[in-house]
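Because the structure is a prediction, the values reported are computed rather than measured. Computation of the quantities below employed the complete heavy-atom set of this structure, encompassing side-chain atoms and omitting hydrogens, waters and symmetry-equivalent molecules.
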Amino acid sequence: MGLFDEPSISRQWVLRRLQQALTTDLAAGAFQSGLSRSCRHADREMLGGLAHAAGTRAGAVREMITDEGGTPYQSIGLAQACSRIGGVLLGPLAFAWRPGLRLLAEHTLQEYDALVAQVRTAPGISPELAPRAEPLLKSARDGYDALNRQ
């Protein structure tokens, strides 16, 4: 029997993974929102869509954490504000933010890929968690694909 076969430990790791996904999306959404406010007009719709998708995923993850009996982290507020301000400042400089935004989208995709893999196999969690996480992975993949088409 492995360490992660114990349902209580497995559940803690799933909640931790959910928290990581939540933190990633809250910060990424704020950064994308900031960028969309000051970037060139042609990029606004795409960035606004990415920010909206991150916010939607964050809301779903927050709900999943609560449904599993956890409490979402509350300490992201300052990081969100800094991310948004950073986005506003970098918005006019597409050469500076495009590579970073692609890396952020890749990181977000990896977070959701790991989350889905974990919730599919983890004992001690709700069986409805995996079907709820899979659309979030698709959303992250869509955002990643959208940035790589640019």
Side-chain angles (χ1 to χ4, degrees), residues 1-37 39 43 46-91 96-150:
M1 179 184 222
L3 177 65
F4 296 110
D5 293 336
E6 169 60 38
S8 64
I9 293 173
S10 178
R11 186 176 164 283
Q12 290 173 10
W13 278 99
V14 167
L15 285 171
R16 185 170 183 264
R17 179 64 66 189
L18 285 165
Q19 296 283 11
Q20 286 176 281
L22 175 62
T23 301
T24 299
D25 266 332
L26 289 174
F31 183 64
Q32 293 158 344
S33 175
L35 286 173
S36 72
R37 292 179 184 174
C39 69
D43 293 324
M46 177 201 56
L47 290 167
L50 292 172
H52 177 72
T56 301
R57 284 192 307 268
V61 170
R62 187 178 279 123
E63 193 175 296
M64 291 164 69
I65 292 168
T66 304
D67 290 349
E68 284 298 310
T71 303
Y73 294 155
Q74 301 299 319
S75 61
I76 188 72
L78 181 59
Q80 278 183 281
C82 291
S83 293
R84 189 170 290 111
I85 291 168
V88 168
L89 294 175
L90 285 176
W97 59 258
R98 276 192 194 281
L101 195 59
R102 285 189 178 107
L103 289 173
L104 183 58
E106 182 178 350
H107 174 72
T108 303
L109 179 58
Q110 290 170 351
E111 283 292 335
Y112 281 102
D113 191 38
L115 172 66
V116 168
Q118 199 169 20
V119 298
R120 283 180 181 156
T121 60
I125 61 162
S126 168
E128 292 108 33
L129 203 57
R132 291 173 66 189
E134 288 166 0
L136 304 177
L137 173 60
K138 182 186 179 317
S139 172
R141 184 171 288 118
D142 290 346
Y144 176 78
D145 292 343
L147 280 170
N148 284 310
R149 282 191 296 263
Q150 294 287 316

Are any of the side-chain heavy atoms of Thr24 and Arg57 separated by less than 4.5 Å?
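When only atoms from C-beta onward are counted, Arg57 and Thr24 do not touch, as no gap falls below 4.5 Å.
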
Taking side chain as C-beta onward, heavy atoms only, is Leu129 less than 4.5 Å from Glu68?
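They are in contact (side-chain heavy atoms under 4.5 Å apart), so the answer is yes.
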
How close do [X] and [Y] get, counting heavy atoms only, and between which atoms?
| X | Y | result |
| --- | --- | --- |
| Met46 | Ala146 | SD-O, 4.4 Å |
| Leu22 | Pro72 | CD2-CB, 3.8 Å |
| Leu136 | Ala60 | CD2-CB, 3.8 Å |
| Ala133 | Met64 | CB-CE, 3.9 Å |
| Leu26 | Ala58 | CD2-CB, 3.7 Å |
| Cys39 | Leu47 | SG-CD1, 3.6 Å |

Does Asp145 come within less than 4.0 Å of Arg149, counting only side-chain N to carboxylate O?
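Arg149 and Asp145: not salt-bridged.
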
With respect to Tyr144, which candidate in Glu106, Gln110, Arg102 satisfies the side-chain contact (heavy atoms from CB on, under 4.5 Å) definition?
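Only one of Glu106, Gln110, Arg102 forms a side-chain contact (heavy atoms from CB on, under 4.5 Å) with Tyr144, namely Glu106.
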
With side-chain contact (heavy atoms from CB on, under 4.5 Å) as the test, pick out the partner of Arg132 among Val61, Asp67, Val119.
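Of all the options given, the one that passes is Asp67.
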
[X] side, atom [atom1]; [Y] side, atom [atom2] - distance, nearest 0.5 Å:
| X | Y | atom1 | atom2 | value |
| --- | --- | --- | --- | --- |
| Leu89 | Leu35 | CG | CG | 10.0 Å |
| Tyr112 | His107 | OH | NE2 | 10.5 Å |
| Glu134 | Arg120 | CD | CZ | 4.5 Å |
| Arg11 | Ile125 | CZ | CD1 | 9.5 Å |
| His52 | Ser139 | NE2 | OG | 9.0 Å |
| Leu137 | Leu115 | CG | CG | 8.5 Å |

Evaluate Phe31 against Leu90 for side-chain contact (heavy atoms from CB on, under 4.5 Å), listing each step before the verdict.
CA-CA 10 Å; Phe31 183 64; Leu90 285 176; 4.1 Å; yes

Between [X] and [Y] (side chain of the first, backbone of the second, donor and acceptor by atom type, cut-off under 3.5 Å), is there such a pair?
| X | Y | answer |
| --- | --- | --- |
| Gln19 | Thr71 | yes |
| Thr23 | Gln20 | no |
| Ser83 | Ala79 | yes |

Apply side-chain contact (heavy atoms from CB on, under 4.5 Å) to the pair Arg62 and Asp25, showing each step before the final yes or no.
CA-CA 11 Å; Arg62 187 178 279 123; Asp25 266 332; over 6 Å; no

